[in-house]
Structure formats: structure tokens, C-alpha cells
Amino acid sequence: MLQVKRIREDKKTIVNGLRKRNWTARQIKILDDILKADDERRALQKQVDDLLAENKRLSAQIGQLMAQGKRDEAEQLKSQVATQKESIRQLEERSEAVKQHLESLLYTVPNCPHRSVPKGKSTEDNKVFRDWAKPFPTLPPDALAHWDLAKKYNLFDFELGVKLTGAGFPVYRGKGAKLQRALIQFFLEENIKAGYEEILPPHLVNEDTARGTGQLPDKEGQMYVCERDGLYLIPTAEVPVTNLLRDVIVPEKDLPVAYTAYTPCFRREAGAWGAHVRGLNRVHQFDKVEIVRIEHPDRSYKALMEMVRHVQRLMGKLELPYRILLLCGGDMGFTSAKTFDFEVWSGAQQRWLEVSSVSNFETFQSYRLQLRYRDADGKIHLAHTLNGSALALPRIVAALLENNQTPEGIRIPKALHKYTGFKMIS
RNA sequence: GGAGAGGUGCCGGAGUGGUCGAUCGGGCUUGACUCGAAAUCAAGUGUACUCUUACGGGUACCGUGGGUUCGAAUCCCACCCUCUCCGCCA
């Protein structure tokens, strides 16, 4: 959520940002509605506060009069206070309504893209930040897609998943299962080496937590809900891990905070279409290792690049062809100020698959989380939050299987050998 | 699931209707003393919203939400959470 203060003080920047997100002049008018609602809120607040102060003063007087035994005077004041109480109640009601209106308006405004974010309407306008310079692996014309390879080598089974749960819940088995475990282990170890503290959080969260990272109130439909207990299955480790610092004021010297976490991710995911969602390309439950950082605003963009480089190293070690995209305003997530996407080349599907998204949210998340730091002067400021996948498994697995298929079997990249215990799937 | 105890500031812990945003102790910060440290002494030490050019004010917050009252941390109701014991269980 954007701060009203920022809209008031730096409206021009916000307007430009929203244009980058292809907001029309008419849509942008909402900023004026927000400022108007905020003016109203402040005026009402002043009125209420003044009346409350007056009442407080009178009540103290009543106490004194009672102590002095001046009952009649006290009674007189009592009725005066009682009258005011009614007008306070009415004002408070209005004030509450205005606040809610203001908040509902704010919820509709996405984060303001960083000035380096390119304009653009869709995925086609994303800038290739770093392309794959080397040739793609050459596969025989009869190369199999990962879903066929999975059948051939008995790595995972979608039908069994349907039997147990439903579509989009694969059952991994044998070397397929072990490959999952190896990847998770590999990612975690690499992240820990890079200075991230490992967190193993709960996989279900309460409403406050879901609200903290913005899953609620809008994106309720994308999560699985345990209604009876008021709990939500996490769509990403970002949710519990970022919330670790909800309502916390971190001393400046403790920044940056860096976490990594493996969790399964649960996504209800509305749309499903054609071959693009076949196999592991899109599932309801998948495994992901996430990295999260809490940064000083002055160095959050430096941190973003550090995270990008870190993910690059992971991709390199996996020996997979990849490219990095700088997302354009139109393709960026609602909460992000700047996002880099990592895509891996799938040789058999002949297309790029998104495997990681690394973003700086600036204060968009921390405002709602009330995640702040205290500087050397004791002043309190919102921290910047960043996160990225390092990495999401399914499409990595898809690319790994497809690109590395040989007549003898599927070759496992060297970096994984010590975790898999095997060098080939055959 | 049953019984009991309890939820107050960074921590411990007072406070059972009026001047309590909250005694006190610890911690932390600053200053004094010291070559330095410890000890000691002194001062300071919540957050949000809001008014003011500023100095400095105002309001709210004692688990959450309601209620009683001129006035609530304090009384009443509901809910949530934590701890102890019992039951069940990996």
C-alpha cells in the first residue's frame, strides 16, 4: 500500500509511475479522490480530538467538584458532557467511514515503478536484461517433453495425484522424488553460503499474516483456505518469512536482514489453458526456495542486483540456458517497484519458462507490515523489502529433464551429484 | 476435549473507578567520575494519528471487540492467545 503522505508530497512521480503501468488519465484521478478523502479524514480527526479533549477536561472537573462536595455543579457539568458525547459518537462514525473509504481507494493503487522500469503493455515489452549468449542445447527431433520423460523414467505421476487430491498435484517418485529433495538441498545450501539465514516456517498462516504481505483482502481467491480455523495455505514462503518482522522496529545496524526458506507453495490459480500448463508448467502445489531481504532504503537497489547475481550463479551451476528480463510497467506485479524475471530455455517445448522473479517492493509491503528500522538518531523509517525465488522447482525440473536428455538417459548437472547420489536417470 | 492461572511499555513486575501513558527494578542511551573499564551518581528512554513555520500542544492505545459510567488498565459481556495439570496423539 502506498502512503498517502507520499501521494501528497510526490504526486508527480506517482502519476508518472502509474502511466508506466498504462493507467489512463481517468484512472489516475483516483489520486485526487484519495487526497480529498484524506483531507476529510484529517478534518474529522481534528474535530473529534478537540471534543474528546474538552470532555476529558470537564470530566476531571467533575471529579474535583465531587471531591469538594459540590454536587449540584457536578451534575450540571455531567449533563453537558452527556450532550457532547452524542455529537462525538456521530463524528466518530463518519470518521470511521471516511477512513475505510480512503483505505479501499488506496488498495486499488499499485506500487510506483522505479524510474529505471521501462514502459510497456505486456510481456512482449519486457527488456532482455541479459540474454543467453551461447548456443542452445541441440536435441534430436524426437526429443521428449518432460511429461513424457516422467512417464518413461517413472519420475512423477499426475494421474496418481488426481486420485489422491486433484489435477495439479503431482506425485513424485523414485529418482524424481530424490531430484526434488536434491534441488531443495542444493538451493538452501547455496543461499546459506551467500549469507541468508535458513527459516523453516509454518505452511499455514493466519489472517493477519496473509494481510501483512497483501494476499488479503484482494487475492483471497488465489489461496487455499481452512475456513474452520481461519488459516490460509501459503502461496509462497514470502508470506510467513516476511511477516517474521511484522510490527518490528529493527535497529539500523542489524540491516540487512536476509532469510531463505524452503516451503511447498499452494496456489489455486484460476486460469488454465492448453499446452502451456501441461506437466509441471503450472501446478497447484509445488516446491520453492525463497530468498527475502529487509534493506535500508539507500541500498535496496544494490541489494536487488546482488540477488539477481546470486540467482544467476545458481542457474550457472545448474548448467541451464537462461535469460534475465527487466519487466516493463505493464507486466510487473501489483506490489513491485522493479522486477527481474529469470527464464530457462526448454529445449523440448522450444520456449522460455519463468523460474524466478526477483523484486524490490520498496516500502509498499513494509508500510502495511509496519516493518521499520531505527536510525542512529533514533528516528524511525520504513524499511525496504525484497524477495526472489532461488529457485522454484517445477520448471527447473522440466528444463533439466528436457535439455539433458540423451539416448543413455538424463544427465544430472555436476553441482547436484552430491545431493542426488546419482549422475544419470536411466 | 476437560480443569485452573494469566495476558500491562525492550524485559521483569506494580497498579481494582478520577490528575495513570501508567509506581518501581533491570536493560539501553547520554553525561559526570576514571588513563581506561567496572562500580557509583545524574538525566533521558513507547507507538500511531493530528495541530503548529518553530518552540510546543492534542487525541488514541494496558490481548481483541463491545458495554456500564461524567470519567475505565481498573467494573461487566464476548472472543482470541499463553502457561500448568488431565485426556488424546506424532
Side-chain angles (χ1 to χ4, degrees), chain A residues 1-9 34-106 200-212 216-217 225-232 240 243-255 257 363 365-383:
Chain A
M1 196 160 55
L2 284 180
Q3 297 169 87
V4 179
K5 203 172 75 181
R6 198 168 151 210
I7 298 176
R8 175 170 291 115
E9 288 166 4
I34 286 171
L35 291 180
K36 216 175 103 193
D38 190 53
D39 287 342
E40 201 180 344
R41 176 191 67 89
R42 291 201 292 182
L44 282 168
Q45 162 121 36
K46 177 98 180 90
Q47 284 182 55
V48 170
D49 282 358
D50 287 350
L51 281 175
L52 281 172
E54 171 76 0
N55 260 12
K56 217 172 150 179
R57 206 175 51 76
L58 291 177
S59 291
Q61 249 179 54
I62 292 169
Q64 275 177 353
L65 290 173
M66 296 292 261
Q68 293 163 11
K70 299 179 182 167
R71 285 194 160 270
D72 294 349
E73 287 178 53
E75 286 304 323
Q76 215 176 347
L77 278 182
K78 271 192 197 183
S79 59
Q80 192 183 335
V81 174
T83 328
Q84 279 195 2
K85 239 176 100 172
E86 177 54 21
S87 46
I88 290 176
R89 202 191 55 77
Q90 283 178 11
L91 277 171
E92 273 179 336
E93 217 167 80
R94 262 179 61 201
S95 168
E96 196 48 45
V98 170
K99 264 190 216 162
Q100 270 180 27
H101 175 60
L102 175 62
E103 186 159 90
S104 69
L105 290 177
L106 279 171
L200 182 56
H203 301 162
L204 279 80
V205 295
N206 60 29
E207 198 179 306
D208 285 344
T209 299
R211 194 174 299 280
L216 294 179
V225 189
C226 304
E227 215 160 299
R228 199 171 160 173
D229 301 292
L231 298 175
Y232 301 82
N243 268 279
L244 290 174
L245 292 174
R246 167 158 50 91
D247 294 322
V248 171
I249 300 171
V250 184
E252 189 175 3
K253 64 174 167 53
D254 289 355
L255 295 177
V257 177
T363 59
Q365 281 187 328
S366 60
Y367 179 47
R368 194 157 6 168
L369 285 162
Q370 286 297 296
L371 195 180
R372 294 164 293 170
Y373 70 93
R374 190 187 300 276
D375 68 19
D377 299 330
K379 290 236 166 60
I380 290 168
H381 313 272
L382 292 172

Quick one: look up who B:rG87 pairs with, Watson-Crick or G-U, both distances under 3.5 Å, and put none if it's unpaired.
none
Looking at A:L105 and A:I34, what are the two nearest heavy atoms and their distance?
CB-CG1, 3.7 Å
Between B:rG25 and B:rU8, how far apart are the C1' atoms? Round to whole Å, please.
15 Å
Donor-acceptor pair, A:N206 side chain versus A:D208 backbone, under 3.5 Å?
yes
Is there a Watson-Crick or G-U wobble partner for B:rG6 with both distances under 3.5 Å, and if so, which one is it?
B:rC81
Before you tell me yes or no, could you show the steps for A:Q100 and A:E103 under side chain to side chain contact (heavy atoms under 4.5 Å, CB included), namely the whole-Å CA-CA distance, both residues' side-chain angles and the distance that decides it to 0.1 Å?
CA-CA 5 Å; A:Q100 270 180 27; A:E103 186 159 90; 5.7 Å; no
So if I take residues 77-101 of chain A and measure heavy-atom distances to RNA chain B, which residues fall below 4.0 Å?
A:K78, A:V81, A:K85
What are the two closest non-hydrogen atoms of A:A383 and A:S366, and how far apart are they?
O-OG, 2.6 Å
Rounding to an integer number of angstrom, what distance separates B:rA72 and B:rG65 when you compare their P atoms?
15 Å
Determine, for nucleotides 49-61 of chain B in 5'-to-3' order, which nucleotides have protein heavy atoms under 4.0 Å from the base (write B), from only the sugar-phosphate (write S), or from neither (write -).
BSS------BSS-
Closest approach of A:E252 and A:A376, non-hydrogen atoms and distance?
OE1-N, 3.2 Å
Minimum heavy-atom distance between A:L371 and A:L245, given as atom pair plus value:
CG-O, 3.5 Å
For the student: nearest non-hydrogen atoms of A:M1 and A:Y367, plus distance
O-CD2, 3.3 Å
Taking only the P atom of each, what is the distance from B:rA22 to B:rC61 in whole angstrom?
14 Å
Nearest-angstrom distance from the residue atom CD1 of A:I249 to C1' of B:rA48
10 Å
Which value, in whole Å, describes the distance between the C1' atoms of nucleotides B:rC11 and B:rC28?
11 Å
Who pairs with B:rC61 - Watson-Crick or G-U, where each distance is under 3.5 Å:
B:rG46
Given that A:Q370 and A:A60 both sit by RNA chain B, which one's nearest nucleotide is further toward the 5' end?
A:A60
Please determine whether salt bridge (charged side-chain N to carboxylate O under 4.0 Å, His left out) holds for the pair A:E75 and A:K78, giving the CA-CA distance in whole Å, both sets of side-chain angles, and the decisive distance to 0.1 Å.
CA-CA 5 Å; A:E75 286 304 323; A:K78 271 192 197 183; 3.6 Å; yes
